[in-house]
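When reading the values below, keep in mind they use all heavy atoms of this one structure, side chains included, and skip hydrogens, waters and symmetry mates. In each ligand, atom 1 is the first atom listed, and ligand 1 is the first ligand listed.
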Amino acid sequence: MSEFLTERRARIAAALHLDDAILLVGAGDPVPLPEGSDQTYPFRSHAEYFYLAGHECAGGLVAFDPRDGAGTGWVSFVPEVTEGERVWEGRTQTPGTPLATLAPWLASRANRPIAILGAPWREVNADAALTATVRAALTHARRPKDGHEVTLVRRATVATAAGFATLREHLRPGVTERMLQIELEAEFFRHGGTRPGYGTIVGSGPNAAVLHFEPSGRAVRAGEFVLVDAGAEIDRYMADVTRTYAVGAPDAFQRDLFQVVLAAEERAIAKCVPGAEWKEIHLACAVDLVAGLVAMGVMRGSAESLVEQEAHTLFFPHGLGHMVGLGVRDGSGLQPGRAKDARPSLRTLRMDLPLAVGYVVTVEPGLYFIPALLNDPARRARFHDCVNWPLAERYFALGGVRIEDNVLVTTGAPEILTAAIPKTW
Ligand code: GLY
Ligand code: MN
Ligand code: MN
């Protein structure tokens, strides 16, 4: 077994404090498409399984008995590859212990509490409370990325940078969102990408204001923003990057909006140091964004007071970012022992924790003109005095700007893993 996996398992065993409990972590099974086409939805082993098994294996199960030792108590049970799988998919046998021996392994450990992580393992009854506790502990222990993981994220950022560089060459009036997606993703694959980490977002003009827009056949027009949010995945590890380009000649308002987001992003990145509270970085960034909108004449009042009133959510409706790596949200969530902050404006924050060395986070502020929010009568009434509404209405078709980088928290200055992808145009 590879050295990194041995070390990882020993570290996780120490962090979980299982005492007498047994841990099972399921990979999950492929889900067939409903119409009987002999195909399945793309399969990915559950991230918790992949992390502890070190490989993809449909139907696999990692088991751990702490009584057998932190280093030696791990068993990787794998199903026997079938003839059909060999014939139709070219699959080979995943190395491990035959799954048929799981039953006696469990029988010899009867009457012990069991936590089941990963995908559900239905043949065995889990202790639900124990499972919740162990899952929270595993998520937290996974947050600092080990060297093997950081190497994979770096490789994903290299392929991602290549994709964005090629996409830029194709940016011109008349190109469609779909054409840009094709150029970007092809370059990911050419640079070792195994797939896009998540659904690529390419939104031109008003579509740039749709946070998770799926590229369409719409042709880009001169003077529009094009927002591209995408990341290559390599061996399950991915980047998550956003750039917003202006095609042709942007006007002064677009330039100002872009500069506000860019400055806010850079200030937020500089704050990504060990011990910094993510929620505080988010709120400080919201103040920066609102101060920019006030300077542009779009919002009215003091930036701090507007953020306290939650008026920033009109133009910045999402959180500042999340963890990324083994999945596009990876180990995001709450610091152990914390409850979700009940403030409505923090509902969309994907994590509430202090940063620590080894965390890889996205920093992704954005400002958007989203008609669904800005035309909402309740918001119009509540924030009547906070916004220069006639000015805002002039830009309802403008879309928006988001800039997103991936940042490694270190003992020193934050390292921007995606620094090779130019932000300006
Ligand atoms: N790619 C989606 C996000 O930025 O979280
Ligand atoms: Mn993104
Ligand atoms: Mn993101």
Inset, instruction - Taking the six-membered ring for Trp and the full ring for Phe, Tyr or His, determine whether the centres of H318 and Y368 are under 6.0 Å apart. - result: yes
Legend entry - Numbered atoms of ligand 1 (with element) below 4.0 Å of E404, judged on heavy atoms: 4 (O)
Legend entry - pair L334-M351: side-chain heavy atoms closer than 4.5 Å: no
Legend entry - N-O pairing of E89 and R91 below 4.0 Å: yes
Inset, instruction - Could you pull out the closest heavy-atom pair between G400 and L227, with the gap in Å? - result: O-CD1, 4.2 Å
Inset, instruction - Flag this pair as yes if the NZ/CZ of R8 is under 6.0 angstrom from the six-membered ring centre of Y51 and inside a 45 degree cone about the axis; otherwise no. - result: yes
Legend entry - atom 4 (O) of ligand 1: nearest protein contact (heavy atom, Å): E364 OE1, 3.0 Å
Inset, instruction - Decide whether an N or O pair under 3.5 Å exists between H212 and ligand 1. - result: no
Legend entry - Within-cut-off N or O pair, T242 and ligand 1, under 3.5 Å: no
Legend entry - Cation-aromatic face contact R168/Y245, 6.0 Å, 45 degrees: no
Legend entry - Neighbour count above 12 (heavy atom, 6.0 Å) for E214 CD: no
Inset, instruction - Specify the closest pair of heavy atoms between R9 and S76, including all atoms of both residues, with the distance to one decimal. - result: NH2-CB, 4.3 Å
Legend entry - Distance filter under 4.0 Å to D240 heavy atoms, resulting ligand 1 atoms: 1 (N), 3 (C), 4 (O), 5 (O)
Legend entry - Carboxylate-amine/guanidinium contact R300 D385, below 4.0 Å: no
Inset, instruction - Give me the protein N, O or S atoms that fall under 2.8 Å of the Mn ion (ligand 3), sorted by chain and residue number. - result: D240 OD2, H322 NE2, E364 OE2, E404 OE2
Legend entry - N or O contact, R402 vs ligand 1, cut-off under 3.5 Å: no
Legend entry - Nearest neighbour in protein (non-hydrogen) for atom 5 (O) of ligand 1: R329 NH1, 2.7 Å
